[in-house]
Amino acid sequence: MLTNTPIQILLVEDDEVDRSIVRRALSNSGLAFEMQEVFDGADAVEAVASRHFDCIILDYNLPDQDGSDVFESITRNQDTTAAVIFLTGEDSEELALSVMESGAVDFLNKNDLTPAILQRAIRFARARQSFLSELTRIGRRDSLTGLPNRSVLEDTLTNALAQCRRSKTVVAALLLDLDHFKDVNDTMGHPAGDELLQAIAKQLKFSTRESDTVIRLGGDEFIILAPNMEDEQGAQQLAEKILDAMSQPILIGEDQVHISTSIGIAIAPNDGTSSAKILKSADLALYKAKGGGRARCCFYDESMDIKAHYRGQMERDLRQALQRQEFELYYQPKVNAKTGAMIGVEALLRWNHPERGLVAPDEFVPLAEATRLIIPIGEWVLRTASAQVMAWEKQGLHVTNCSVNLSAVQLSDSPLLEVFDSVLSETGINPSCLEFEITEGALMKGIDTIAACLQAMRDKGSSITVDDFGTGYSSLVHLKQLPLDKLKIDRSFISNMLTSMNDAEITNMIVSLGRSIGLEVIAEGAETEAEVDMLQNFGCDQIQGYFYSRPLPADQLFAWHQRHNLVPRDVHSRPVEDGHGNLAPQGQVSEAQHLHLYPAP
Ligand code: C2E
Ligand code: MG
Ligand code: MG
């Protein structure tokens, strides 16, 4: 962008005749300019250090130094955006090339110096300079929201700290991460997501003071630096003000969007003085806020470092777990709700940690997903479960259905289909024996890409189940779009069914919903006979839960099946576990027993 403000020019030239040539050429060029003249390199360096120039016209043959040395001290050691034009008394291609390569904008022969040439050279120099400063301006601002970006964090914090040192106050750093922002992007589209981010940026500016700095760190992460806080109380108040403002729905197009944010707070200088340390402290606090149920704020405290250390250790251990063969699959039977016969199993991952013993997937799957380790681990799960089905087959146990859980990470951009194909050919398993469980939440993320992947697996004969159904926000429209076979009602509904009318109703509703769109329905987490009865009454197709069996190692599943087959009339009594996964049916005759018979094999 060229404006009419006079161009600030520094002329570095020892020869009075040459200076007057330049002066005359400039005057006749029609450019508005202001020019300072110096006679040698040392003065040139001093002049550049003391004020701003748009353009430096530099004689190559100076009395004290070589022109290229002056050029170097100007550009290397000083933060100037001035464009440099060299002047020489000779025509040398070689010299021209070398100065241009070092970053000069132009190279002019004094003998050819006409107003037109000089004007063009300076115009070009000016354009380049404003282009560069525009670049730095863009570089420091987030183009979507217009807020400053991450690059200003360090400087802003340093300035704020200096200011607070004088007034003996502190700087509060509030790190914000929107809750479930990805869902908005996925369900409403990226333009709506962008609009939401813009609205939130405005909201944050509105909720803060002029002296506070709101920075967009990237994605749905923002940080607010608030100087001159007396104590933590002030930070708490600001956080609450923001949480409060965010609890109002935001209008995007015609939709009212409800979005909340979690806030992690660190206080400088107490919790760190560098932007890196403050970010890390605030991030640990944010992690706690998210874990505490979102839409809340948490302050950093030192104990968080220990937990972060623990997480780091866990990640290192997890990276080695595959090659150290620390993973194991347990299998939990799924039964036909009407007959009680085992219709299949679900493979569930266990981690035999060398020091911590058996670790449940809820403790490490999220970390495996965050680190994408779930991709190789998930591949191992699929291969191992398939090999196990084939091994049981050899032992005479026909497991015609084995569920494998898939994470959204595996579905999004890993070569899952290639893995699937190679597992099929390596193990020889019939793909119709495999069922894939995807949680409702994962399914709704990026429906299009996921649907294609699921369809390909389904085309081969495998089936697809929505896991933890009822906890997400899937709509009937989506469910109809996706290539699905089964809904698995989330355990939370089953365990509350007997005490909460609402949960019983939801369960009943899910069963009829499944029916209406041609999907089978399975309930997980049935622990008591009463729950099993209720599920049967609702017309649920399949049941899985501790009532029948806990997840078991492969050999014990085999043994369980043998016993389960032998005592069909007892399938509905609560099995007792001896602590090693060996189950003995209680053998109590139940009133509803006749309902749960299944035909002898
Ligand atoms: P999920 O797929 O919904 O698996 C069912 C969970 O409920 C299992 O927990 C199972 O042990 C538990 N469960 C089954 N019946 C009962 C019951 O009657 N009462 C109670 N209280 N719990 C019951 P688990 O094995 O701890 O797995 C937890 C979650 O971890 C799974 O939930 C699944 O989302 C994930 N997961 C497990 N294995 C894998 C895997 O190989 N890959 C991936 N991506 N995720 C896995
Ligand atoms: Mg599952
Ligand atoms: Mg589940």
Side-chain angles (χ1 to χ4, degrees), residues 140 142 145 147-179 181 197 200-201 203-205 207-246 260-313 315 367 370:
R140 311 209 100 196
D142 164 49
T145 59
L147 292 178
N149 67 19
R150 185 184 281 271
S151 69
V152 308
L153 185 60
E154 185 75 60
D155 285 353
T156 313
L157 183 65
T158 309
N159 291 342
L161 273 173
Q163 203 180 323
C164 291
R165 212 168 293 131
R166 286 192 292 274
S167 58
K168 297 205 165 40
T169 53
V170 294
V171 186
L174 279 68
L175 181 64
L176 283 80
D177 186 291
L178 304 182
D179 302 325
F181 173 69
L197 288 173
I200 282 164
Q203 178 67 260
L204 293 178
K205 284 298 280 181
S207 304
T208 51
R209 280 187 268 173
E210 199 61 47
S211 55
D212 299 344
T213 309
V214 183
I215 295 168
R216 180 173 176 222
L217 290 176
D220 59 345
E221 263 197 347
F222 298 85
I223 192 165
I224 298 169
L225 292 179
N228 302 321
M229 290 274 177
E230 293 292 329
D231 50 23
E232 293 198 344
Q233 193 91 41
Q236 175 87 30
Q237 278 164 3
L238 177 57
E240 276 165 14
K241 189 171 167 195
I242 291 168
L243 289 174
D244 198 45
M246 298 279 278
S260 60
T261 185
S262 302
I263 305 178
I265 309 172
I267 303 289
N270 310 11
D271 303 337
T273 50
S274 69
S275 63
K277 178 73 176 81
I278 281 296
L279 259 185
K280 191 173 166 231
S281 301
D283 195 45
L284 287 170
L286 177 67
Y287 184 77
K288 191 172 171 210
K290 290 259 176 200
R294 294 161 202 268
R296 64 185 64 211
C297 64
C298 267
F299 279 89
Y300 164 81
D301 76 72
E302 274 155 17
S303 71
M304 292 175 176
D305 285 330
I306 298 164
K307 285 193 191 126
H309 170 78
Y310 167 80
R311 240 192 308 163
Q313 185 60 46
E315 187 180 327
L367 185 62

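Atom-to-atom distance recorded for Ile223:CD1 and Asp283:CG is 9.5 Å, nearest 0.5 angstrom. Residue Leu147 holds its CG atom at 11.0 Å from CD1 of Ile200, rounded to the nearest 0.5 Å. Of the inter-residue distances, the one linking Thr261 atom OG1 with Lys290 atom NZ reads 6.5 Å to the nearest 0.5 angstrom. Between Asp177 atom CG and Ser262 atom OG the span is 7.0 Å, to the nearest 0.5 Å. Interatomic distance, Leu175 CG to Leu225 CG, rounded to the nearest 0.5 Å: 10.0 Å. Rounding to the nearest 0.5 Å places CD of Glu221 at 8.0 Å from CG of Leu279.
The backbone N or O of Gly219 lies less than 3.5 Å from a partner atom in the side chain of Arg216, making a donor-acceptor pair. Side-chain N or O atoms of Asp271 include one that pairs as donor or acceptor with a backbone N or O of Ile267 at under 3.5 Å. No donor-acceptor distance shorter than 3.5 angstrom exists from the side chain of Thr273 to the backbone of Pro269, with no hydrogens or angles considered. Put simply, the side chain of Lys241 gets close to the backbone of Ser207: a donor and an acceptor are under 3.5 Å apart.
Counting heavy atoms from C-beta outward, Leu178 and Met246 have side chains that approach closer than 4.5 Å. Between Asp142 and Pro148, the closest side-chain pair of non-hydrogen atoms is not below 4.5 Å. Side-chain contact between Ile278 and Leu153 is absent, with no heavy-atom pair separated by less than 4.5 Å.
The number of heavy atoms from other shown groups lying within 6.0 Å of CZ (Phe299) is above 12.
Residues that satisfy the side-chain hydrogen bond (donor to acceptor under 3.5 Å, both in side chains) test with Asn270, not counting sequence neighbours, are absent from this structure.
A donor atom on one side chain and an acceptor atom on the other are found under 3.5 Å apart for Glu240 and Gln236.
Thr169 pairs in a side chain to side chain contact (heavy atoms under 4.5 Å, CB included) with only one of the listed residues (Met229, Gln163, Glu230), which is Glu230.
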